[in-house]
Amino acid sequence: MPGRPPTDADPPLLVACALGIERFALRGGDRGGAAAGTGPRLVTLRTGMGPQAAERALTKALSAGSVTERSPVVASGFCAGLAPGMRPGDVVVAEATRDHHADAPETLCRDNGPLLRALRQRGLTVHSGLLRGSDHVVRGAERAELHAAGAVAVDMESAATLRAARRAGSRPVAAVRVVVDAPEHELVRIGTVRGGISAFRVLRSVLPVFYEWHRSLLLPWR
């Protein structure tokens, strides 16, 4: 995707994830991009697990001055796939997120087209749709219920992260998650089976796509 090099005037990109292993994968995927000037200024934020931790951490980061009111925010890391046929290493790009409360509003991700195109150009299997939030690990029948209600995947932090980001300003937001377990591939612990390793490798590869997305937003955001 063409785009001009980033400048000091461009807002930094904030990528939020919950776990140390997710942050390790994402920072390992930088390959010197931000430091070398080929990517935007990058802030990787480890929020801790769960919606409350994610909301607190993001609110604090957005008020601390390390990012600006125009900084795009990406919620990333691992997720649980809900649709039959999903496999570890598939990527989910949210069209919207909604947390675990029954009457919760959706946060729309209006600028995800460049993310979808760039990820598919890399040969990845990409799913798009509603990404649901939860305050606990989802398994079994509850997974099927969430899928029947229209969600393609679930995680504990994305909805809270994007809600906090939008509350702090009218900024571009996105959620890009890598499936670490799915209905036919439930995972007990990340990294202990092949599915976890596959998901880690894919997560490690997606940060350059976030850079491309950031470049696509350098025109006035609509």
Side-chain angles (χ1 to χ4, degrees), residues 13-35 38-40 42-51 53-54 57-58 73-94 97 112 115-116 118-129 131-134 136-139 143 151-162 174-214:
L13 172 65
L14 190 152
V15 179
C17 57
L19 303 176
I21 191 172
E22 294 169 332
R23 190 180 188 199
F24 179 74
L26 289 161
R27 296 182 77 171
D30 186 15
R31 298 182 179 89
T38 59
L42 177 69
V43 177
T44 54
L45 175 67
R46 179 183 173 184
T47 66
M49 288 183 65
L58 197 81
V73 172
V74 180
S76 195
F78 301 121
C79 70
L82 301 176
M86 281 181 142
R87 301 180 62 84
D90 288 2
V91 181
V92 175
V93 178
T97 61
N112 65 8
L115 288 168
L116 288 165
L119 289 163
R120 286 169 176 155
Q121 286 169 1
R122 289 172 175 262
L124 297 171
T125 300
V126 184
H127 308 266
S128 184
L131 178 60
R132 281 297 302 268
S134 177
H136 59 276
V137 175
V138 173
R139 298 194 183 280
R143 189 196 300 261
V152 296
V154 60
D155 76 272
M156 290 194 284
E157 296 82 27
S158 291
T161 297
L162 299 196
V176 179
R177 292 275 174 171
V178 178
V179 173
V180 75
D181 71 338
E184 294 90 359
H185 303 273
E186 286 204 347
L187 183 67
V188 177
R189 289 194 303 273
I190 294 172
T192 60
V193 296
R194 184 175 299 174
I197 296 170
S198 298
F200 178 87
R201 288 173 175 166
V202 172
L203 185 60
R204 188 179 173 91
S205 75
V206 299
L207 190 60
V209 174
F210 299 166
Y211 289 167
E212 294 175 12
W213 178 68
H214 183 273

Who passes side-chain contact (heavy atoms from CB on, under 4.5 Å) against Ala80, sequence neighbours left out?
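Scan of Ala80 (side-chain contact (heavy atoms from CB on, under 4.5 Å), adjacent residues dropped) gives Arg143, Val154, Asp181.
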
Taking all non-hydrogen atoms of both residues into account, name the closest pair between [X] and [Y] and its distance.
{"X": "Arg46", "Y": "Gly20", "result": "NE-N, 3.4 Å"}
{"X": "Gly81", "Y": "Val179", "result": "N-CG1, 3.8 Å"}
{"X": "Glu22", "Y": "Ala18", "result": "OE1-N, 3.0 Å"}
{"X": "Ser134", "Y": "Pro51", "result": "O-CD, 3.7 Å"}
{"X": "Leu13", "Y": "Val74", "result": "CD1-CG2, 4.0 Å"}

Supply the atom-to-atom distance [X] [atom1] to [Y] [atom2], rounded to the nearest 0.5 angstrom.
{"X": "Thr47", "Y": "Leu58", "atom1": "OG1", "atom2": "CG", "value": "8.5 Å"}
{"X": "Leu116", "Y": "Leu124", "atom1": "CG", "atom2": "CG", "value": "11.5 Å"}
{"X": "Phe210", "Y": "Leu14", "atom1": "CZ", "atom2": "CG", "value": "11.5 Å"}
{"X": "Thr125", "Y": "Asp90", "atom1": "OG1", "atom2": "CG", "value": "5.0 Å"}

Qualifying residue for side-chain contact (heavy atoms from CB on, under 4.5 Å) with Arg27, from Val15, Leu42, Thr44, Leu207
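Testing Arg27 for a side-chain contact (heavy atoms from CB on, under 4.5 Å) against Val15, Leu42, Thr44, Leu207 leaves exactly one candidate, Thr44.
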
Are any side-chain N or O atoms of [X] and backbone N or O atoms of [Y], one a donor and one an acceptor, separated by less than 3.5 Å?
{"X": "Ser76", "Y": "Val176", "result": "yes"}
{"X": "Glu157", "Y": "Cys17", "result": "no"}
{"X": "Thr161", "Y": "Ala54", "result": "no"}
{"X": "Asn112", "Y": "Ala94", "result": "yes"}
{"X": "Arg177", "Y": "Phe78", "result": "yes"}

Could you tell me if the side chain of [Y] sits less than 4.5 Å from the side chain of [X], heavy atoms only?
{"X": "Met86", "Y": "Val92", "value": "yes"}
{"X": "Leu19", "Y": "Phe24", "value": "no"}
{"X": "Val178", "Y": "Cys79", "value": "no"}

How about Arg120: does its CZ atom have over 12 heavy atoms from other parts shown lying under 6.0 Å from it?
yes

Verify whether one side chain among Arg122 and Ser205 offers a donor that lies under 3.5 Å from an acceptor in the other.
no

Run the numbers on Val206 and Leu115 for side-chain contact (heavy atoms from CB on, under 4.5 Å), then give the verdict.
CA-CA 10 Å; Val206 299; Leu115 288 168; over 6 Å; no

